[in-house]
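One structure is given below, encoded as structure tokens.
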Amino acid sequence: MCGIIARIGGDDGAVDELLTGLENLEYRGYDSAGLAVKNGSGPEVFKRQGEISHLKEVLADEVPDGGLGIGHTRWSTHGPPSDENAHPHTDCSGDVAIVHNGIIENYDELKADLLARGHEFTSDTDTEVIPHLVEESLAEGADPETAFRETLEKLSGSYAVAMITKHDHAVYATRRGSPLVLGVSDGEYFLASDVPAFLDFTDDVIYLDDGDVVEVRPDGHRITTADGEAVERSVQTVEWDPEDAGKGGYDHYMLKEIHEQPAALRQTLRGRADPTTGDIHLEEFPPGTFEDVKRVQFVACGTSYHAGLVGAQFLSDSGVPAQTFLASEYATGQPPVDDETLVVGVTQSGETADTLSALRRANASGAKTLAVTNVVGSTAARECDDALFIRAGPEIGVAATKTFSSQVVSLALLGERLVRDVTGTRSPETRERLDALSDLPGNVQQILDYTSARRIAKRYHDSDAYFFIGRGAVRPVALEGALKFKEISYEHAEGFAAGELKHGPLALVTDRTPVFAVFTGRNDEKTLGNVKEAEARGAPVVAVASDANDEVYQHADEVLTIPETHPDVAGVLANVQLQLVSYHAADLLGRPIDKPRNLAKSVTVE
Ligand code: M6R
């Protein structure tokens, strides 16, 4: 997805800080990059298709002076990746420069009108209508802020925009459905789509509300609502530091984030569960919070959907009616909801458009909504009735890893609270399960220390296709294993319920299609039966299992061992092994692991 960064400072230094910000935004996925600096009079624009290094080459000969500027990484939606379509975009005179995330839905008609009035366009983008509309307001005598507001009134869609003009030393920006945060430092400010963009410079952040318009100058800022009413928004200090957001000596963010899981899980669990008493302490949700809930629906996409499947399975098994929906499908076939329905949006970023749309729909139908997210201040956290933070720390790699583990653990804790509130009883297995959860960080560390994932990836990484199977609580892990594998290796991978293999997919199984089978210690004999079906067709079998299961060892060509634990928790451990296999296979195949082609970290279009 596109990324915005703006730097608002006094005399100089904007370009270097904008480039740092752009590099920090790379993880969102992009195909071109650019910046505009206020240099003496008008904005000076530099932009290039491709990597930020291409933009740096353009700037290498001469870095322009200037303390104020806007920058952008583009992920194409309207018009292919090209120098012309890269942001910033300007008006006919070049006096107004704009960067934009999101989509202007009525750009076609706006553009037709502007062309008819003599404006000249240089790109295929929807964005370019914005500077031309500002140009018209300025020509009619409006000051830059008024021109900006008048333009916003003409736009429909969801977007975040930042603007500089030759007329004053300020950045004007707004967010309407796309994230935008304001970083506050000594004598300088930053605007960005995401906090890691400016973490090198400040950790003091103001989260803007949807509709806010902000005018930022080096010596101060002013926030107004969509109606023009001045508002104060509090400054919050984020706990992430730049080191957290850097690679810290690993070759890839993904590998670093896989290795951060013990620490992330400790944070997720900190103070929330007491295995000796079986008590759950979720800050925002004291006992009784969910007494009126009759059913739970999870809405999510991708990896978060797989975490949602685990959450729903746990609740259903414990007597609370629960279902999980792909957020993008929820809007069309939404099941009945009422004020006794709790709709839980599971979203790492809190900005996924499909998930936000499903949550808004649920909200409008009277359901209670709850965001389970990693990002404090995200749109999901702010729009839902409540939020539970998974505390995994920043995740930069496009492939979700540590956040899946922290989501599953958060949903397990939330599930315990829900079961008690809704059924009035506590599962006899609670203490055992909480024990297993508190052992998780150590168990994950054990896997990281002793895994044979690289050797196994080496053995199989030139196969024809890869299948992942699991039953019950680990069916979502099989789906997640396949998603991760295809996402970063570009190899064909599919995940199935173990029992479904024989109902069709078995036709694809050959001696060149390894089958990864996940075992938990529950219903293993049935999954083993499915493994034998694949084995009989010559498929290499890689089991993910604890060493307590002798028979599995006899039938597998390779085993990715996990420490013995409660069956409801085993999936998190198995998934770590599968993350490592995917990572090493992709590495051996020479893929760009942190930025897989065509994908973005945060998908803010439906
Ligand atoms: O930020 P979210 O959790 O809402 O993102 C949902 C999906 O886009 C995301 O999990 C995606 O599937 C990951 N790239 C998978 O690794």
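Atoms within a ligand are numbered from 1 in the order they appear, just like the ligands themselves.
In this structure, the ring-ring contact (aromatic ring centres under 6.0 Å, His included) partners of H87, at least two apart in sequence or on a different chain, are H72, H89. Listed by chain and residue number, F467 satisfy the ring-ring contact (aromatic ring centres under 6.0 Å, His included) test with F496 (two or more places apart in sequence, or in another chain).
Taking atom 8 (O) of ligand 1 as the reference point, the nearest protein heavy-atom neighbour is V603 CG2, 4.2 Å. Atom 13 (C) of ligand 1 has E487 OE2, 3.6 Å as its closest protein atom, hydrogens excluded (heavy atom only). Looking at atom 7 (C) of ligand 1, its nearest protein heavy atom turns out to be C301 O, 3.7 Å. In terms of protein heavy-atom proximity, atom 1 (O) of ligand 1 is closest to S349 OG, 2.6 Å. Protein heavy atom closest to atom 9 (C) of ligand 1, with residue, atom name and distance, is T303 N, 4.1 Å.
Listed by number with element, the atoms of ligand 1 under 4.0 Å from a non-hydrogen atom of K484 are 15 (C), 16 (O).
Between R459 and E558 there is a salt bridge, since a side-chain N of the basic residue sits under 4.0 Å from a carboxylate O of the acidic one.
Considering backbone and side-chain atoms together, A400 places an N or O closer than 3.5 Å to an N or O of ligand 1. For the pair T352 and ligand 1, the shortest N or O to N or O distance falls below 3.5 Å. Note: an N/O pair closer than 3.5 Å links S304 and ligand 1 by distance alone. Residue Q348 places at least one N or O, backbone or side chain, under 3.5 Å from an N or O of ligand 1. An N or O contact shorter than 3.5 Å is missing between A399 and ligand 1 by distance.
Below 30°, between 30° and 60°, or above 60°: for F468 and F516 the angle between ring planes is below 30°, a parallel geometry.
With hydrogens and angles disregarded, a donor-acceptor distance shorter than 3.5 Å links the side chain of H566 to the backbone of D568. Side-chain N or O atoms of R74 include one that pairs as donor or acceptor with a backbone N or O of N85 at under 3.5 Å.
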Please evaluate residues Q407 and S304 with respect to the criterion side-chain contact (heavy atoms from CB on, under 4.5 Å), reporting the C-alpha separation (whole Å), side-chain torsions for both, the decisive distance (0.1 Å), and the verdict.
CA-CA 8 Å; Q407 282 171 337; S304 297; 2.9 Å; yes
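No option in K601, K402, K256 other than K601 meets the side-chain hydrogen bond (donor to acceptor under 3.5 Å, both in side chains) test with E395.
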